[in-house]
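Beneath this line is the structure, given in structure tokens, with notes to follow.
One-based numbering, in listed order, for ligands and for the atoms of each. Quick note: numbers below take in every heavy atom, side chains included, and nothing from hydrogens, waters or symmetry partners.
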Amino acid sequence: MRTILCTLALLLGMSTPARAIDIERIEPTNWWVGMRHNRVELLVHGTGIATSTPRLSRAGVAIVDVQKTDNPNYLFVTVEIAGDAIPGGIDIEFVDAGKVVATHPWRLDAREPGSARRRGFDARDAIYLVTPDRFANGDPSNDSVTGMLEAANRANPNGRHGGDIAGMRQHIDYIAGMGFTQLWPTPFLENDQPQYSYHGYAITDLYKTDPRMGRNEDVRALSREARAKGVGLIMDIVLNHIGSKHWWMTDLPAKDWINHGGTFAPTNHRRTTIQDPHAAPADREAFTDGWFVDAMPDLNQRNPHLARYLIQNTLWWIEYAGLSGIREDTFGYADTQFLGDWAKAVLAEYPDFAMVGEEWSINPVVVAHWQRGKQNTSGHVPHMPSMMDFPIHIALRSALAQPEGWDSGWVNLYEMLANDFVYPDADALVVFAENHDTSRLFAHLDGDLATWKLGMAYLATVRGTPQFYYGSEVLLRGPRERNDGQLRADMPGGWSGDPADAFTGNGLSAAQRDAQAYTRALFDWRKRTPLLHSGKLTHFAPQDGVYVYFRHDGAKSVMVALNKNAGATPLLLERFDAFLRGRGARDALTGNAVALGTTLALPGKSATLLEIE
Ligand code: CA
């Protein structure tokens, strides 16, 4: 085309006309002055852009590198920003054959004060996990958006139900009032996929909130309003894959952008291959480079431009939305070296920030491999402050569901916790009984409310940061076997016209009100009890269906006695003399004094929670 134009121009005796290029995107659209990461690589996308040269004119800002790929429609332009650059708009010009062929706006912003030293979540916090599409529909006008591939259909368990950012904004008081101090919504970025788009893990634009959830500005408002009420915002980041309808897929930035050449090849899910000294290299490659499903192309983070894009995207969201933490999806499936580089870069920018990774294994040595400070035989140097405690999650569910025996019941939990020595920092792990990918604990226990409460009491008192899944406080149950669409049921009261309302309590059954009150009492107590955040944990071998442990600091302690027996059980206290002799006790939830004699009467199927002084 260009040749034809030139020939035509020559034939007509004219000078060569400057060919205008339509710049479709520059990402990120802005950056901040004063970031440690002050050399930002911009992805520029426009047909034929690679033949042009970018330029800009602004004090304190310079283009220091320009890279091309095998796709002429992309340029990677590195901009260096001086610490004294002035915030404001900048025009970036693209010049070809001496003519400006495109001009695109870009922007420098000022940082929020204290941004770099923000505190991430830790064991002082309790996390409330929400599937936004299923939590509350605060704005029915955005349920379906013209031009997007999937419209709302609340009758379809696997469809979009209309929940959104506005819904979360309307219920921050409820979340805070339940004793939670962090909100983790599953991904809210654009998922313009033809089906299953509600879950959010098939992202089609990494810089854009899904219009059916709201706008980027709404996320920022949610974060600001939540923070004002003592609730931090944790963002669910997906480094491993994108959605098949991501705009990259119609014009890949480079041939090696997507693993397996951009065509579906499934992962083998064999996560042990990362450390296994005997693993066949082909199996390890199949684990990290295979795709989850054909709707989720697997990213090749070994491409340095993609690696920088993903790192910058994370920094951008932390800075833009004022995040207090990140939960990183399908952690080990991404390139191992990249995972270290990514976490290191985030913590270099925000040293007190928190990030938790998902490594779905029952084996603590598989999980510990990724935690900061772990000396790995594999040679991998990890940087993640926290990981999801899947081993305890699995052991807890077994402990609660199994009958007591020498090698069943509480001993699962007792022995799993004993593995804490493999972690550099077990107190930083995130503990949970269920999440958006499991069955709910209440279903797992066949609706046994008393045993469910034992599980909640454990979560609120064990070491680490507890994570709770929305709706379980009003006994959302779902099927016993994993079924995502039904597990992620609508929160009662999140939609106008709902017959019951978890937020006000109207229409809830007695059992639902009981469970909600218990959850609120537990997490409110936990919130104001430093021993449960940082106290050392000492546990005693389970006996006769009772598991006892203490959180203590040398002066005071909290005693937790979990009785799984159906009937009342007398607990001989002599074993616990070191913590109890000569001390007074009161019930942590009622405040009533409790006499400590030679035995303590534990009610059947209940947690006895005592503050010892
Ligand atoms: Ca909506």
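Note on residues 209-243: pairs passing ring-ring contact (aromatic ring centres under 6.0 Å, His included), not counting sequence neighbours, are H241-F292. Every pair passing salt bridge (charged side-chain N to carboxylate O under 4.0 Å, His left out) that includes a residue from residues 123-136 is listed here, sequence neighbours excluded: R119-D125, D122-R124.
Residue R36 places its CZ atom among 12 or fewer non-hydrogen atoms of other residues, nucleotides or ligands, all under 6.0 Å distant.
Between K527 and D524 there is no salt bridge, since no side-chain N of the basic residue sits under 4.0 Å from a carboxylate O of the acidic one.
Residues satisfying the side-chain contact (heavy atoms from CB on, under 4.5 Å) criterion with Q371, sequence neighbours excluded, are Y423, P424, D425, A428, L429.
Here 6 is the count of protein N, O or S atoms positioned under 3.0 Å from the Ca ion (ligand 1), waters not counted.
Proximity of a side-chain donor or acceptor of H199 to a complementary backbone N or O of Y201 within less than 3.5 Å is detected.
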